[in-house]
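Notes follow the structure.
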Amino acid sequence: MTVLPALAAGPSPLWYTTRATGVVALILLTGTVVLGVTGVFRLAAPNWPRVITAGLHRNISLLALAFVIVHVLTAVLDSYVHITLLNAIIPFSSDYRRLWLGLGAVAFDLLLAVLLTSLVRDRLPQRAWRAVHYLSYACWPIALWHGLGTGTDSKLPWLLLLTAVCVLAVLIAVWYRLSLAGPGQRLAGRVAIAALVAATLVFTFVGPLQPGWARRAGPPPSLLSSAAGGSAGSSPQASADGTEHTG
């Protein structure tokens, strides 16, 4: 009987599912960006029909969206913090880690925009559809920063390595694509890449990798007060400094 309170205080399956689906979604989004940036049609080989390559890109994108949806729903259903479905759709509307959760909402909205415009692609001007489609590539760096900022387990070595591999894959793909562009575009693109990588590295080292980041990330005062009242042997969800729970 005495085991039940401890189990009840432990992380819920929703807590783990939110984390797992977030990590898988980042991997799938990375694959989508790599295929899209390198130009899936240009890479089609004679023995690998374009329809298969394009289908792979589309299916990975849909799979990424499915994992993001599960990621959002489990975060909403988890009762540890109060996150509503509107918070997941309307950027920066949540009291819980407003900036970092808001970035996740922006990434989610971009994915939804791509899905909805793709469903009505035949009714949209080609230029408008392409504008939304290209804008969706911004989803990847925004989702990356969302994960680093709100994920207090971002400092785990295996997760840092996985994030570094995703970043490297996208950098190689973008570098390849820029090699096909004109000199002006190539220079501007490489400057933008360098700035993004530098900003991400600086943020990672001064933010998530520093002790007490979860507290500084912006949980509401009521949650901090509740966590501070927890015992030393409580679950990761009740950590006084919030270093174990991302929400």
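Only this structure's heavy atoms are used, side chains among them; waters, hydrogens and symmetry mates stay out.
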Does Thr117 use its side chain to pair, donor to acceptor, with the backbone of Val114 at less than 3.5 Å? yes
Pairing residues for Phe92 by the ring-ring contact (aromatic ring centres under 6.0 Å, His included) criterion, not counting sequence neighbours: none
Would Leu201 end up clustered with Phe203 when hydrophobic side chains under 4.5 Å apart are linked, directly or stepwise? yes
Out of curiosity, does Leu168 fall in the hydrophobic cluster containing Ile193 (side-chain heavy atoms, cut-off under 4.5 Å, transitive links)? no
Cation-pi check, Arg177 to Trp175: give yes when NZ or CZ is under 6.0 Å from the six-membered ring centre and within 45° of the ring axis, no otherwise. no
Output for pair (Leu86 CG, Ser94 OG), nearest 0.5 Å, gives 11.0 Å
Close side-chain approach of Val170 to Val37, heavy-atom, < 4.5 Å: no
Compare every heavy atom of Pro91 with every heavy atom of Gly102, then report the nearest pair and how far apart it is. O-CB, 3.8 Å
So how far is it from Arg97 CZ to Ile83 CD1, rounded to the nearest 0.5 Å? 9.0 Å
Could you give the distance from CG (Asn87) to CZ (Arg98), rounded to the nearest 0.5 Å? 9.0 Å
With clusters defined by side-chain heavy atoms of hydrophobic residues (ILVMFWY) lying less than 4.5 Å apart, directly or transitively, does Leu77 cluster with Ile89? no
ring-ring contact (aromatic ring centres under 6.0 Å, His included) between Trp145 and Trp140, worked out: CA-CA 9 Å; Trp145 277 57; Trp140 182 83; over 10 Å; no
Report yes or no: does Asp78 contribute a side-chain atom to a donor-acceptor pair with the main-chain N or O of Leu14 at less than 3.5 Å? no
Answer yes or no: is there a donor N or O on one side and an acceptor on the other, between the side chain of Asp109 and the main chain of Val106, under 3.5 Å? no
Quick one: pull up CD in Gln210 and OG1 in Thr204 and give me the separation to the nearest 0.5 Å. 11.0 Å
According to ring-ring contact (aromatic ring centres under 6.0 Å, His included), who are the partners of His133, at least two apart in sequence or on a separate chain? Trp129, Tyr137
If hydrophobic clusters are built by linking Ile, Leu, Val, Met, Phe, Trp and Tyr wherever their side-chain heavy atoms come under 4.5 Å apart, do Leu112 and Leu103 end up in the same one? yes
Can Leu110 be reached from Leu85 by stepping across I, L, V, M, F, W or Y side chains whose heavy atoms are under 4.5 Å apart? yes
Give every donor-acceptor pair under 3.5 Å between a side-chain atom in residues 59-76 and any protein atom, sequence neighbours left out.
unit_1, atom_1, unit_2, atom_2, d
Asn59, ND2, Gly55, O, 3.1
Ser61, OG, His57, O, 2.8
His71, ND1, Thr18, O, 2.7
His71, ND1, Gly22, N, 3.4
Thr74, OG1, Thr18, OG1, 2.8
Thr74, OG1, Val70, O, 2.8
Thr74, OG1, His71, O, 3.1

Apply ring-ring contact (aromatic ring centres under 6.0 Å, His included) to the pair Phe205 and Trp213, showing each step before the final yes or no. CA-CA 11 Å; Phe205 281 105; Trp213 167 251; over 10 Å; no
Nearest 0.5 Å, what's the CG-NE2 distance between Asp95 and His82? 8.5 Å
Could you measure the distance from the SG atom of Cys139 to the CG atom of Leu29? Nearest 0.5 Å is fine. 5.0 Å
Leu171 and Val197: side chain to side chain contact (heavy atoms under 4.5 Å, CB included), yes or no, with the steps? CA-CA 9 Å; Leu171 287 179; Val197 171; 3.7 Å; yes
Is it the case that the side chain of Gln185 and the backbone of Leu178 share a donor-acceptor pair, with hydrogens and angles ignored and the cut-off at 3.5 Å? no
With side chain to side chain contact (heavy atoms under 4.5 Å, CB included) as the test, would you mind laying out the steps for Leu26 and Leu162 before giving the verdict? CA-CA 10 Å; Leu26 177 63; Leu162 179 63; 6.0 Å; no
Can you list the steps and then say if Leu160 with Leu209 is a side chain to side chain contact (heavy atoms under 4.5 Å, CB included)? CA-CA 10 Å; Leu160 284 173; Leu209 292 185; 3.8 Å; yes
